[in-house]
Amino acid sequence: MPELPEVETIVCSLRNPADRAFAEGQSLRERPGIVGRQVAGARLNWAKTLALPDWQQFQQEVTGQTVQAVTRRGKFVVIPMGTNTLLFHLRMSGDLRVEPQDAAEQKHDRLLLDFSDGTRLSFNDPRKFGRAWWATDVQSVLGDLGPEPLDEGLTGQEMYARWHRSSRAIKTLLLDQSLLAGVGNIYSDEALFLARIHPLTPGNCLTPVQAEALLAGVRQVLHEGIERNGASIDWVYRGGDFQNYFRVYQRTGEPCTVCGTPIERRVIGQRSSHFCPHCQSFTGCS
DNA sequence: CCGTGGTCCTGTAGGC
DNA sequence: TGCCTACAGGACCACG
Ligand SMILES: [Zn+2]
């Protein structure tokens, strides 16, 4: 589930003042954060969740460390703690929650950090695809990531150069984290719709103008997603409402918001892709 | 280099 | 009620 806007929303909530009190029905924006809290102990309920290092070493080294900051890189949550950094990738169903230690452990909690002030951070992940790393060198985990789409220094020309090198479908290229970090299945469909580009368009058929428009579309949908606290679908991830503003994603058969043509769904690179066959007609390529 | 199919997992929706 | 299949915010691998 979580793509850049959902991860950004979670990261922001973890950065909230840590001295806030817990309350019933708090939104993500209202909840207390974790910066400044000290780890008193850790628990691992699913071995594979901890990618590196082994549990023994992790548990030993993380205990006593203090949360210095919470940041985001692509879809990764980055938490510097002393000389090491704790990283999470939420994959399809991961979530990070802050709660009092006396609260009952939740179903699907995979990794828990107990803080010395009586609170805890829990990594909840029903599908078990999510991973955590405890790394001295952050680049060993984040090294292959492409640029941040919301970095103002990133230009359309740069993305044109990156996308133009490949003959793969632009839908697939948008999901390639080494070309651009943070975009997933929802936001790639939405961005292609805004840029009026057919998802099967080969990267090397894109024009510089289209690349510019696509980066602008990516930025717009990411901003919208962040504004709405991300998208909440099914039982995974709660708190956002961008799902109520989808233009094409999971709207198969429903009318295009621009021209009324039924939205089409087809599988591209093992992922379902939704688009308007009229607004996003393939313009051709030499 | 490219596309395809399989893997890792649990949960839900829909057809019968 | 079940039972069965398809599908889901992601990423990685082997193969031809
Ligand atoms: Zn349309």
Side-chain angles (χ1 to χ4, degrees), chain A residues 1-11 28 45-52 72-77 87-96 106-111 123-133 141-146 149 162-192 199-205 218 221-222 224-226 228-253 265-274:
Chain A
M1 159 261 331
E3 304 180 33
L4 188 152
E6 291 75 29
V7 178
E8 181 68 17
T9 302
I10 290 170
V11 163
L28 280 173
N45 294 335
W46 184 256
K48 286 183 176 177
T49 296
L50 183 61
L52 278 174
R72 178 191 60 73
R73 175 77 174 97
K75 300 174 193 171
F76 287 83
V77 178
L87 300 107
F88 289 98
H89 195 302
L90 280 35
R91 294 282 176 92
M92 291 288 262
S93 62
D95 193 13
L96 285 167
Q106 312 245 1
K107 192 176 184 185
H108 308 308
D109 277 352
R110 308 300 181 198
L111 176 63
F123 179 57
N124 187 281
D125 183 27
R127 294 184 68 180
K128 300 176 175 173
F129 293 161
R131 292 292 180 267
W133 295 260
V141 181
L142 306 176
D144 288 337
L145 288 180
R162 287 172 169 262
W163 289 326
H164 196 69
R165 268 180 231 134
S166 172
S167 63
R168 293 150 80 205
I170 187 61
K171 167 68 179 177
T172 304
L173 296 179
L174 277 172
L175 297 177
D176 187 332
Q177 302 299 298
S178 70
L179 297 176
L180 186 66
V183 178
N185 211 30
I186 295 176
Y187 295 90
S188 58
D189 276 4
E190 297 295 317
L192 285 166
L200 282 175
T201 308
N204 56 14
C205 289
V218 165
V221 295
L222 293 180
E224 288 177 2
I226 292 169
R228 309 261 173 215
N229 296 319
S232 305
I233 307 176
D234 300 336
W235 80 105
V236 187
Y237 180 81
R238 312 152 321 275
D241 68 335
F242 186 59
Q243 70 279 6
N244 298 321
Y245 301 87
F246 291 161
R247 296 170 177 89
V248 286
Y249 186 76
Q250 282 189 350
R251 291 195 62 241
T252 310
R265 171 189 183 271
R266 57 198 285 182
V267 177
I268 301 172
Q270 350 268 90
R271 310 300 299 277
S272 65
S273 179
H274 312 77

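Per chain, numbering begins at 1; letters A, B, ... match sequence-line order.
With a cut-off of 3.5 Å on both pairing distances, the Watson-Crick or G-U wobble partner of B/dT7 is C/dA11.
Remark: the separation of the P atoms in C/dA6 and B/dT7 is 15 Å, to the nearest Å. Comparing the C1' positions of B/dC8 and C/dC3 gives an interatomic distance of 25 Å, to the nearest angstrom. Taking the P atoms as reference points, B/dC1 lies 16 Å from C/dC12, given to the whole Å. Separation of the C1' atoms belonging to B/dT10 and C/dT1 is 22 Å when rounded to the nearest angstrom.
One finds a side-chain N or O of A/Lys75 lying less than 4.0 angstrom from the OP1 or OP2 phosphate oxygen of C/dG10. For B/dG11, one of the phosphate oxygens OP1 or OP2 lies less than 4.0 angstrom from a side-chain nitrogen or oxygen of A/Lys107. The phosphate of B/dC2 has OP1 or OP2 within less than 4.0 Å of a side-chain N or O from A/Ser166. Using a 4.0 Å cut-off, no side-chain N or O of A/His108 falls inside it from OP1 or OP2 of B/dC9. A sub-4.0 Å separation between OP1 or OP2 of C/dA11 and a side-chain N or O of A/Gln177 is present. Note on A/Lys128: every side-chain N or O is 4.0 Å or more away from OP1 and OP2 of B/dC8. Between A/Arg168 and B/dG3 there is a side-chain N or O to OP1 or OP2 distance below 4.0 Å.
Spacing between atom NZ of A/Lys171 and atom P of B/dT4 amounts to 15 Å, rounded to whole angstrom units. Summarising the geometry, the separation between CG on A/Leu175 and C1' on C/dC12 is reported as 14 Å, rounded to the nearest angstrom. Distance, A/Gln270 CD to C/dA6 C1': 16 Å, rounded to whole Å. Taking atom CZ of residue A/Arg127 and atom P of nucleotide B/dG11, one finds them 11 Å apart after rounding to whole Å. Between A/Arg131 atom CZ and B/dC8 atom C1' there is a gap of 7 Å when expressed in whole angstrom units. In this structure, A/Leu90 atom CG and B/dT10 atom C1' are separated by 16 Å, rounded to whole Å. One atom, CG of A/Asp109, and another, P of B/dC9, lie 18 Å apart when rounded to the nearest Å. In this entry the distance linking CD of A/Gln106 with C1' of B/dT10 reads 16 Å, nearest Å.
With values rounded to the nearest 0.5 angstrom, A/Arg228 atom CZ is found 3.5 Å from A/Tyr245 atom OH.
The aromatic rings of A/Phe242 and A/Tyr187 lie parallel to each other, their planes meeting at an angle below 30°, with 60° marking the opposite boundary. Between A/His89 and A/Phe76, the ring planes lie perpendicular to each other; the angle is over 60°, past the 30° to 60° tilted range.
Comparing A/Ala169 and A/Arg110 by the nucleotide of DNA chain B whose heavy atom lies nearest to each, the residue mapping closer to the 5' end is A/Ala169.
Base contact: A/Tyr249 has a heavy atom under 4.0 Å from a base atom. Counting any heavy atom pair closer than 4.0 Å across all strands shown, A/Thr172 reaches no nucleic acid atom.
Shown are A/His274, A/Gln250, A/Lys171; of these, the side chain to side chain donor-acceptor pair (under 3.5 Å) with A/Asn185 is made only by A/Lys171.
A/His108 and A/Arg110 are linked by a side-chain donor-acceptor pair at a separation below 3.5 angstrom, with hydrogens and angles left out of the test.
Stacking annotation: A/Phe129 is stacked on the base of C/dG10 (ring centroids less than 5.5 angstrom apart, interplanar angle below 30 degrees).
Inter-residue side-chain proximity for A/Leu142 and A/Leu87 is flagged as met; some heavy-atom pair is nearer than 4.5 Å.
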